[in-house]
2 protein chains.
Amino acid sequence: MRAALELFTEQGYDTTTVHEIADRAGLTKTTFFRHFRDKREVLFAGQNTHTRLLADAIGAAPGPATPLKAVRAALDALTATFTDDRREIGVRLRPVIAGHTELQERAALKRARLAGAMTDALHKRDVPEPTASLAAELGVRAFYDAFDQWADPANDRTLTELTRRTLDELRAALVALD
Amino acid sequence: MRAALELFTEQGYDTTTVHEIADRAGLTKTTFFRHFRDKREVLFAGQNTHTRLLADAIGAAPGPATPLKAVRAALDALTATFTDDRREIGVRLRPVIAGHTELQERAALKRARLAGAMTDALHKRDVPEPTASLAAELGVRAFYDAFDQWADPANDRTLTELTRRTLDELRAALVALD
DNA sequence: CGAGTGACGTTACCAAGTCACATCACCTCG
DNA sequence: CGAGGTGATGTGACTTGGTAACGTCACTCG
């Protein structure tokens with residue numbers, strides 16, 4: 001993953017071949033594909049852990065918690081795992097993704113899967129539709145928005161703080177819809 | 001597009017080559033790629049029209065309309081263009097997409113672009129963030145949910161009716177979040 | 001010590017996607 | 001009417017993502 005990110009920022013995403021990535025990592029093209037489903041996935045591999053983490057945290061939320069409170073607890077658990085080096089990775093990742101549609105696709109799917117995992121976990125808490133998925137989507141949105149703010153070096157808040165704050169703002173904005 | 005959908009349902013998505021699709025359409029592989037960015041796109045090509053339609057309709061909504069009212073008007077304009085043969089296409093499309101991650105990716109991106117187009121159009125009406133994007137995402141969600149219901153042959157309502165009703169239900173469910 | 005297991009390399013292959021160049025129909029304008 | 005321009009298509013060669021079959025090597029465990 002490090003080799004890939006380096007090469008992508010050095011010479012661009014589509015001009016670096018998988019062969020080059022594997023070479024720099026001291027491996028073979030075949031081995032690369034044993035670890036990553038495809039070339040894009042090398043930039044998103046971590047996300048599968050996140051879905052599990054979110055789902056578990058929602059399941060472990062206190063019994064009487066409302067949907068949004070459970071989501072908030074899950075986001076707390078997730079954001080707590082984000083150390084500062086992850087922030088730098090995110091910062092370097094963003095322009096690469098922004099410049100390539102195929103990467104935005106993968107990002108969009110991962111985001112949808114994140115929301116899906118939270119939705120399922122909420123269903124297991126007997127939260128009905130469409131409440132469950134709305135809460136999940138709002139939570140995911142808060143997380144991504146907060147991550148964007150976190151990437152700004154002028155921002156010295158915790159990702160957890162930013163996420164909570166953003167979730168509150170989104171919830172408050174719902175009443176202004178109509 | 002017809003040739004592709006036929007072949008995909010006959011023999012599966014990943015076992016049909018672009019060469020076969022082009023052959024059945026009486027064309028060449030090269031010409032195929034001149035019309036569609038890649039193999040997936042042949043199933044989603046129509047959607048670019050939809051984004052334009054939605055954006056225009058939001059721009060044309062009556063001046064004092066609230067964000068959600070503008071979104072509702074746009075969805076009315078969009079759903080009005082869906083004739084019954086489009087419903088059949090959708091029905092045949094769904095299982096193909098459901099079975100292949102790469103197609104779900106493309107679908108997720110198109111959906112995000114749809115919401116993005118509506119968000120931009122709302123910004124031009126001086127709707128601030130995050131109200132604009134929340135309204136847009138809610139509208140897109142209503143449309144997709146309604147389309148799913150529309151695909152059920154036991155359902156004899158109009159897509160427009162279904163979409164309006166779904167949007168109302170989603171809006172009502174927002175209060176139960178917390 | 002011998003069999004199993006897992007991670008990796010080698011090679012060959014297929015199909016997606018690109019590119020340069022040729023062809024052909026059609027349109028326009030002198 | 002004829003010459004040149006334009007746009008859509010075909011042809012063939014090429015790169016690269018991605019897969020599959022097979023072999024090797026280290027390590028582990030009974």
Electrostatic pair B:Asp145-B:Arg141, nearest N-O below 4.0 angstrom: yes
Among all residues two or more places apart in sequence or in another chain, which pass the side chain to side chain donor-acceptor pair (under 3.5 Å) test with [X]?
X: A:His123; answer: A:Glu129
X: B:Arg40; answer: B:Asp38
X: B:Arg24; answer: B:Glu6, B:Glu10
X: B:Glu105; answer: A:Arg106

Donor + acceptor pair across side chains of B:Arg37, A:Thr101 (<3.5 Å):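 No.
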Approximate separation, where rounding is to 0.5 Å, of B:Asp14 CG and B:Glu102 CD: 7.0 Å
Gap separating the CG atom of A:Leu162 from the CZ atom of A:Phe147, nearest 0.5 angstrom: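 A:Leu162 atom CG to A:Phe147 atom CZ measures 11.0 Å (nearest 0.5 Å).
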Hydrophobic cluster of A:Leu7, others only, ordered by chain and residue number, side-chain cut-off 4.5 Å: A:Met1, A:Leu5, A:Phe8, A:Tyr13, A:Val18, A:Ile21, A:Phe32, A:Phe33, A:Phe36, A:Val42, A:Leu43, A:Phe44, A:Ile89, A:Leu93, A:Val96, A:Ile97, A:Leu103
Could you pull out the protein-nucleic contacts involving nucleotides 6-9 of chain D (nitrogen or oxygen on both sides, under 3.5 Å)?
residue: D:dT9; atom: OP2; partner: B:His35; partner atom: NE2; Å: 2.7

With sequence neighbours excluded, residues passing side-chain contact (heavy atoms from CB on, under 4.5 Å) with B:Ala112: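 None.
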Test side-chain contact (heavy atoms from CB on, under 4.5 Å) applied to A:Ala117 - qualifying residues, sequence neighbours left out: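 Result, side-chain contact (heavy atoms from CB on, under 4.5 Å) vs A:Ala117: A:Thr51.
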Where chain A begins and ends its contact with DNA chain C, read 5' to 3' at 4.0 Å from heavy atoms: C:dC8 to C:dT11
Axis bend over the full length of the helix from C:dC1-D:dG30 to C:dG30-D:dC1, computed from five pairs that close each end, to 10 degrees: 10°
Using residues 69-82 of chain B as the side-chain source, report each donor-acceptor pair under 3.5 Å to any protein atom, sequence neighbours left out, with the distance given to one decimal.
residue: B:Arg72; atom: NH2; partner: B:Asp168; partner atom: OD1; Å: 2.4
residue: B:Asp76; atom: OD1; partner: B:Arg164; partner atom: NE; Å: 3.3
residue: B:Asp76; atom: OD2; partner: B:Arg164; partner atom: NE; Å: 3.4
residue: B:Asp76; atom: OD2; partner: B:Arg164; partner atom: NH2; Å: 3.0
residue: B:Thr79; atom: OG1; partner: B:Leu75; partner atom: O; Å: 2.8
residue: B:Thr79; atom: OG1; partner: B:Asp76; partner atom: O; Å: 3.2
residue: B:Thr79; atom: OG1; partner: B:Thr160; partner atom: OG1; Å: 2.9
residue: B:Thr81; atom: OG1; partner: B:Leu78; partner atom: O; Å: 2.6

Side-chain heavy atoms of A:Gln11 within contact of A:Glu20, under 4.5 Å: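 Sidechains of A:Glu20 and A:Gln11: in contact.
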Take the protein atom [atom1] of [X] and the nucleotide atom [atom2] of [N], then report the distance between them rounded to whole Å.
X: B:Arg40; N: D:dG17; atom1: CZ; atom2: P; value: 13 Å
X: A:Glu20; N: D:dG17; atom1: CD; atom2: C1'; value: 13 Å
X: A:Arg106; N: D:dG17; atom1: CZ; atom2: P; value: 14 Å

Could you list the protein-to-nucleotides 13-16 of chain D atom pairs, N/O on both sides, closer than 3.5 Å?
none

